[in-house]
Number of protein chains: 2
Amino acid sequence: MDQNSLPPIQTTARDDAVLKALVGFVRAEALQPGERLPTERILAERLKVSRNTVREALTRWEGLGLVERRQGSGTYLKAAVSPDMLHMPLTLAGGNDFTSLMQTLEIRRALEAEAAALCAERASQADIAEIARKLDIMEQAFRTREGMSSEEDWEFHQAIYRVSGNPLFEQIIAAMHELFHRFWEHPLGVRDFGHASFPYHRTIYECIAARDPQGARAEALKLIATVEDDLKRGAAKLKLSSQT
Amino acid sequence: MDQNSLPPIQTTARDDAVLKALVGFVRAEALQPGERLPTERILAERLKVSRNTVREALTRWEGLGLVERRQGSGTYLKAAVSPDMLHMPLTLAGGNDFTSLMQTLEIRRALEAEAAALCAERASQADIAEIARKLDIMEQAFRTREGMSSEEDWEFHQAIYRVSGNPLFEQIIAAMHELFHRFWEHPLGVRDFGHASFPYHRTIYECIAARDPQGARAEALKLIATVEDDLKRGAAKLKLSSQT
DNA sequence: GTGGTCCAATGGTCCAACCAATTTCTGCAT
DNA sequence: ATGCAGAAATTGGTTGGACCATTGGACCAC
């Protein structure tokens, strides 16, 4: 017997049902992000459930960033909803903590390499031209400002994720990038943070233009490795300075 | 008199305060994942807030995957908590269609390979023994039930993610695993789905036990490749059957 | 042991208020 | 009419109390 043939019975799932009904409502009314959805009291009455249950459901959506509640005003849609959304709550310990940054880099290393390889496989001529444009902008910003510009750098990488044909790359890395950003602004005392990664942007591009997935993957790995080195240097420096 | 002994009345953000207090409690008691935390009624009484407020707070933690509630039993810690956790709730508009599943597989391929490699680098003897145990259970389930058991298979992979030392692997892949589960409920007519992946579980383990990161990475890639093939076969079959 | 029954503990839901922030309306002075 | 301060209505946030459904252990008869 296959235990999968006996799915666990589910007698109650009130708040889940509320959310499902709410998805249906949003679609039926074609609600756009920013619009207000019915008050908790109305929802409770219409769905024939307690207001508490409605609140628990909305609390879940609020935690997922799908909705925003304003006391005295109402509850507002914050993002598009669809019947089969995939929720990926990521939690990592510590903010500027070295370990968590290193952990995000391990994830990014895996995804960046894969995205670069896929990009090299799938890029059209137009895609390659677009990436070249972002690369030029980044390189020019690097020369005029004499240092890595996180803004233009990010644009370049995003172009690669987009061309990879898989939107998940951009979304996942974007979530972690946000975390990285605050720290990027004021690096850990490493003056030329990210400097070493500069040349690899062009080598990645050249591999993509040459339709060389393995090369693109290798160059992406080298790029992340330089960032990891910078991070380790910064951590060592920080450790020294905190030893009074 | 110590003014710290006066519980400051925050007019707003009650449930946030509850979570902060809960973080303090978990650290003070050194609660490990899997352990039970106080009942809602006790928390409400101790923190001098309503039980509903406690519930809203716990609902948020449940949504973040930090905690699991079992009716009639209690609320259990599911992950380590720290005062300065960073949450990145990421919701993706997915679907049960072939394309979405393929996209999640591309992400999983990247992460699975990296996790296997890191695991091979970092595994202690105890870790290796634990993975061997999960592997045995899985192989036995395979033989007795003559087919891949998603439950035991998942346990094996989770063990690898855990040993990798980076909780993000488990978190991200777990979210995508959930999506796959839905799909498994509605099988695409491929009877022996996942069958081909079976032998690679042992080869991955052997590479890990031999502390061979590159080998582990290669075997993990082969495993994912078999799943991709199964998926493609299922999609082709579905396409045929839908052509009336 | 095995299988039942009972019972206390616990999360899930409900109700009916009241509080706090916000928005809307009202009415008066200009 | 206009502007604006204050009242009133609206809405999310909180409270306390009650009951239901599930769980898991204790106890008992067989």
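Convention: sequence-line order gives letters A, B, ...; per-chain numbering from 1. Treat the numbers as computed from the prediction; the structure is a model and nothing was measured.
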Does the base of [N] carry an N or O that pairs as donor and acceptor with the side chain of [X] under 3.5 Å?
| X | N | result |
| --- | --- | --- |
| B:Arg69 | C:dG12 | no |
| A:Asp15 | C:dG12 | no |
| B:Arg51 | D:dG17 | no |

Can you tell me the distance, in whole Å, between the [atom1] atom of [X] and the [atom2] atom of [N]?
| X | N | atom1 | atom2 | answer |
| --- | --- | --- | --- | --- |
| A:Glu45 | D:dG12 | CD | C1' | 17 Å |
| A:Glu40 | D:dT14 | CD | P | 11 Å |
| A:Ile42 | D:dA9 | CD1 | C1' | 14 Å |
| A:Arg36 | D:dT10 | CZ | P | 11 Å |
| B:Glu56 | C:dG12 | CD | C1' | 14 Å |
| B:Glu68 | C:dT10 | CD | C1' | 14 Å |
| A:Leu47 | C:dT13 | CG | C1' | 14 Å |
| A:Asn52 | C:dA17 | CG | P | 15 Å |

Partners passing side-chain hydrogen bond (donor to acceptor under 3.5 Å, both in side chains) against A:Glu106 (at least two apart in sequence or in another chain)
B:Arg122, B:Asn166
Suppose we screen for side-chain hydrogen bond (donor to acceptor under 3.5 Å, both in side chains). Which residues come up paired with A:Thr39, at least two apart in sequence or across chains?
none
Let's see if you can work this out: which of [options] has an atom nearest to the side-chain heavy atoms of [X]?
| X | options | value |
| --- | --- | --- |
| B:Gln71 | C:dC15, C:dG12, D:dG24 | C:dG12 |
| B:Arg55 | C:dC14, D:dT15, C:dG12 | C:dG12 |
| B:Thr53 | D:dG12, C:dG11, D:dT15 | D:dT15 |
| B:Thr39 | C:dC14, C:dG11, D:dG24 | C:dG11 |
| B:Arg14 | C:dC14, C:dG11, D:dT14 | D:dT14 |

Does the side chain of [X] get closer than 4.0 angstrom to OP1 or OP2 of [N] through an N or O atom?
| X | N | answer |
| --- | --- | --- |
| A:Arg70 | C:dT22 | no |
| A:Thr75 | D:dG12 | yes |
| B:Arg41 | C:dT10 | no |

Once you measure the plane-to-plane angle for B:Trp154 and B:His177, does it fall in the parallel (<30°), tilted (30-60°) or perpendicular (>60°) bin?
parallel
Cationic N near anionic O, under 4.0 Å, B:Arg51 to B:Glu40
yes
Hey, is B:Arg133 close enough to B:Asp136 for a salt bridge, meaning N to O under 4.0 Å?
no
Select from B:Gly74 and A:Gly72 the residue whose nearest nucleotide in DNA chain C is closer to the 5' end of that strand.
B:Gly74
